[in-house]
Novice: 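One structure coming up, written as structure tokens, with questions to follow.
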Amino acid sequence: MRILGILIIIAGVALFCQHLVLPSLITIVIGSVFAAIPKKSIPEEEEPSEEMRPSGDENSEYVRVDTPLRKVPPVTSGFYRLTFPVDGVFERNDDGSSRQEILQRLCEGEDMAVADVWFDDFIYAHKIRIRVKTLEGCVGLIRQRDVETVRGFFEKPVRMVYLEIGSSADSSGERRYHAEVIIIANRE
């Protein structure tokens, strides 16, 4: 609104330069009203708990937008399967827990494992992010480019949502774990 008000004031000044005093005064008053309208204020949220804070900058904005996916029984018309890699699996959580250790516990020595998963979405640095959580703790985030696609499923019923965990040995022979979120949904 402020920019619109400034543009209207500039138009009023242009009218004044053309010696149109009354229309210029009316235009400037209207522009001033638009320029004075405050931005839409967002009510202040309570300070987020440590549990809600993603790893990273402590001074960034956090707003929890927790919405669970609804699971439904399958229909006979078929389904499709979407895979979303999980980012940040080599980082630590705010509570100091290692995401690699969490994935290792979920795998229990197997090369491949499946675990229940749910999402905790929030706003961080003016972008919506989705934290991937398991019973053991947070294992990472949905990649930024996949956030809107995954959020689209918050409004749709899905057949199944789970975390697929895999591991491989790095050059030093140490096990490294990675994870993917799998969403299976009915075809519409």
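Note that these values count all heavy atoms, side chains included, but never hydrogens, waters or copies made by symmetry. None of the values given here were measured: they were computed from a predicted structure. Start at 1 with the first residue, then count along the sequence.
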Novice: Would you please test T83 and R81 for side chain to side chain contact (heavy atoms under 4.5 Å, CB included) and show each step?
Specialist: CA-CA 7 Å; T83 303; R81 179 182 194 265; 3.4 Å; yes
Novice: Are any of the side-chain heavy atoms of I142 and F119 separated by less than 4.5 Å?
Specialist: yes
Novice: Roughly how far, to the nearest 0.5 Å, is CG of D146 from CD1 of I183?
Specialist: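 Here the interatomic distance stands at 9.5 Å.
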Novice: Counting only N and O atoms by type, is there a donor-acceptor contact under 3.5 Å from the side chain of R99 to the main-chain atoms of G88?
Specialist: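 Answer holds: yes.
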Novice: Taking NZ, NE, NH1 and NH2 as the nitrogens, is one of them in R143 or E180 under 4.0 Å from a carboxylate oxygen of the other?
Specialist: no
Novice: Output, in order, the C-alpha distance, side-chain angles, deciding distance and verdict of side chain to side chain contact (heavy atoms under 4.5 Å, CB included) for F84 and T149.
Specialist: CA-CA 10 Å; F84 301 98; T149 305; 3.8 Å; yes
Novice: Under a 3.5 Å threshold, yes or no: a donor from one side chain and an acceptor from the other, between R129 and Q144?
Specialist: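 Present: a donor and an acceptor within the cut-off.
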Novice: Please examine the side chains of Q104 and R175, heavy atoms only from C-beta on, and report whether any two atoms are closer than 4.5 Å.
Specialist: no
Novice: Going by heavy atoms in the side chains, are I182 and V161 under 4.5 Å from each other?
Specialist: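 Side-chain contact under 4.5 Å: no.
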Novice: Roughly how far, to the nearest 0.5 Å, is CG of L103 from CG of L163?
Specialist: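 Here the interatomic distance stands at 7.0 Å.
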Novice: Nearest 0.5 Å please: distance from the CD1 atom of I30 over to the CG atom of L25.
Specialist: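 So the CD1 of I30 and the CG of L25 are separated by 11.0 Å.
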Novice: A185 and F153: which non-hydrogen atoms are nearest, and at how many Å?
Specialist: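 Nearest heavy atoms, A185 then F153: CB-CE2, 3.8 Å.
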Novice: Calculate, to the nearest 0.5 Å, the distance between atoms CD1 and CZ belonging to I165 and R105 respectively.
Specialist: 11.0 Å
Novice: So, does Q100 use its side chain to make a donor-acceptor pair with the main chain of V89 at under 3.5 Å?
Specialist: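 Confirmed, Q100 side chain pairs with V89 backbone.
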Novice: Nearest 0.5 angstrom please: K133 NZ to D120 CG, how far?
Specialist: 5.0 Å
Novice: If only atom types and distance count, is the side chain of S97 paired as donor or acceptor with the main-chain N or O of N93 below 3.5 Å?
Specialist: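 No; zero donor-acceptor contacts below 3.5 Å.
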Novice: State, with a plain yes or no, whether a side-chain heavy atom of R151 is found less than 4.5 Å away from one of I128.
Specialist: yes
Novice: Decide whether I9 and L20 are clustered together by the hydrophobic rule: side chain heavy atoms of Ile, Leu, Val, Met, Phe, Trp, Tyr closer than 4.5 Å, transitively.
Specialist: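 No, because I9 and L20 fall into different hydrophobic clusters, even though each may have its own neighbours under 4.5 Å.
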Novice: Is it the case that the side chains of S98 and R92 hold a donor-acceptor pair, with the cut-off being a distance below 3.5 Å and no angle test?
Specialist: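 Note: R92 and S98 side chains miss the donor-acceptor criterion.
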Novice: When you compare the side chain of D94 with that of C138, does any pair of heavy atoms fall below 4.5 Å?
Specialist: no
Novice: Output the distance between atom CH2 (W118) and atom OG1 (T134), rounded to the nearest 0.5 Å.
Specialist: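 Here the rounded value is 6.0 Å.
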Novice: For the residue pair V86 and L141, establish whether any side-chain heavy-atom pair is separated by less than 4.5 Å.
Specialist: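 With C-beta onward as the side chain, the pair stays apart.
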Novice: Do you reckon I123 sits in the same ILVMFWY cluster as I130, going by side-chain contacts under 4.5 Å, direct or chained?
Specialist: yes
Novice: Could you tell me if the side chain of Y177 sits less than 4.5 Å from the side chain of I102, heavy atoms only?
Specialist: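 Answer no - side chains too far apart.
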Novice: Is any side-chain heavy atom of V181 less than 4.5 Å from a side-chain heavy atom of V132?
Specialist: yes
Novice: Can a salt bridge be assigned to the pair R176 and D170 using a cut-off of 4.0 Å between side-chain N and carboxylate O?
Specialist: yes
